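One structure below.
Everything numeric here is computed off the predicted structure, so don't read it as measured data. Hydrogens, waters and symmetry mates are skipped; everything else that's a heavy atom, side chains included, is used.
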There are 2 protein chains.
Amino acid sequence: MKISTRSRYGLRLLIELARRGGGGPVLLSEIAGSQRISEKYLSRLVISLRGSGLVRSVRGAHGGYVLARPPGEISLREIIDSLEGGPYIIRCADDPASCPASPGCAARSVWGGLEKAMRDYCESLTLGEIARRGSLRPVKAGPKERA
Amino acid sequence: MKISTRSRYGLRLLIELARRGGGGPVLLSEIAGSQRISEKYLSRLVISLRGSGLVRSVRGAHGGYVLARPPGEISLREIIDSLEGGPYIIRCADDPASCPASPGCAARSVWGGLEKAMRDYCESLTLGEIARRGSLRPVKAGPKERA
DNA sequence: GACTAATACTACCTTTTTGGTAGTGTATGC
DNA sequence: GCATACACTACCAAAAAGGTAGTATTAGTC
């Protein structure tokens, strides 16, 4: 049930953008470098974030990425929805057609409740609050982390 | 971030055991049949549940499985811990050595919070309550469900 | 004590997902 | 028009998920 590197890297990218707010577009290569993430891989992640209207891109020289909205107006839920897509936990919780169980299925109600608990947490956090927390990471040197 | 079939099948198995409580050991083949799950696969799942002390097994003729404790004393958290193992969401939330970030890492604190929200929900539910909910599933016929 | 019913265990296999790379295309500023 | 970025597509390798097969072991029953 682990979250994927997509969400983890994507959140770190957004935190960096939030912290540099106002300084003009940020190069992907800078973020990839400081966060020690593959630039190519990041460049694919960020497409989702742009598609969801969380970041804007500026092409060409002096280009890069900026947040599309103030960080205080971007919820963690939007971020995860954009990066993971679809239901968090289980298909049948959203899509009854995926399972022949009855609507009152006890197991389904358990997973639906878990899904809701997660969404509530994610809805309650904004990128602005997150970015103001402690450090992001040292990230001057050291190996790429393990999953 | 989906939960695996292990947890889903395992929960259904336990719900069945809870509902039949007191009737002696239940055959795995019965549960597999009524839930339309591969018996071989179930037989491997259930090893984890036995190892965690959630069910007891009786070998030989007239054998099967029974809950090791009253369903009201088995939390959903124990069930998921047994079936999924380890941290729910992310390694670094539990194991700082898995990532070179500082202890105050903002991203880590986000995932740690999500993990906690999930655990709190799971801790608050017991198998007894779950088993008393609506139906389990019709499961007389129909195809195996999709994931 | 043989036979049968059931779990216990090990080894393997296939499919899907994840994580990542390579290369080419395209817009923009100078 | 050239350098600098992002945009997009196609692939690929490793890991995890999901499942199957076969054998071993234990416990009742005659």
Once salt bridge (Lys or Arg N to Asp or Glu O under 4.0 Å) is applied, do any residues pair with A/Lys116, and if so which ones, sequence neighbours excluded?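 Salt bridge (Lys or Arg N to Asp or Glu O under 4.0 Å) list for A/Lys116, sorted by chain: A/Asp120.
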Within residues 22-31 of chain A or reaching into it, pairs that qualify as salt bridge (charged side-chain N to carboxylate O under 4.0 Å, His left out) - sequence neighbours excluded: A/Arg20-A/Glu30
Sequence neighbours left out, what pairs pass salt bridge (charged side-chain N to carboxylate O under 4.0 Å, His left out) with at least one residue falling in residues 72-86 of chain B? B/Arg69-B/Glu78, B/Arg77-B/Asp81, B/Arg77-B/Glu123, B/Asp81-B/Arg119
May I ask you to evaluate whether [X] reaches the phosphate of [N], defined as a side-chain N or O under 4.0 Å from OP1 or OP2?
| X | N | result |
| --- | --- | --- |
| B/Ser38 | D/dG18 | no |
| B/Ser29 | C/dA6 | no |
| A/Ser43 | D/dC8 | no |
| B/Thr5 | D/dG18 | yes |
| B/Tyr65 | C/dA8 | yes |
| B/Arg50 | C/dA8 | yes |
| A/Tyr9 | C/dG19 | no |

Shortest side-chain distance from A/Leu27, nucleotide among D/dC6, C/dG19, C/dA8: D/dC6
I'd like to know if the side chain of B/Glu39 and the backbone of B/Ala32 have a donor-acceptor N/O pair within less than 3.5 Å. no
What residues, two or more places apart in sequence or in another chain, satisfy side chain to side chain donor-acceptor pair (under 3.5 Å) together with B/Ser109? A/Arg133
Just distance, no hydrogens or angles: give the donor-acceptor pairs under 3.5 Å from side chains in residues 48-59 of chain B, sequence neighbours left out.
unit_1	atom_1	unit_2	atom_2	d
B/Ser48	OG	B/Arg6	NH2	2.7
B/Ser52	OG	B/Ser48	O	3.0
B/Ser52	OG	B/Ser82	OG	2.8

How would nucleotides 21-30 of chain D be written as a contact map, 5' to 3', with B for base contact, S for sugar-phosphate-only contact and - for no contact, using protein heavy atoms under 4.0 Å? BB--BBSSS-
Roughly how many Å is it from CD in A/Glu39 to C1' in C/dG20, rounded to a whole number? 13 Å
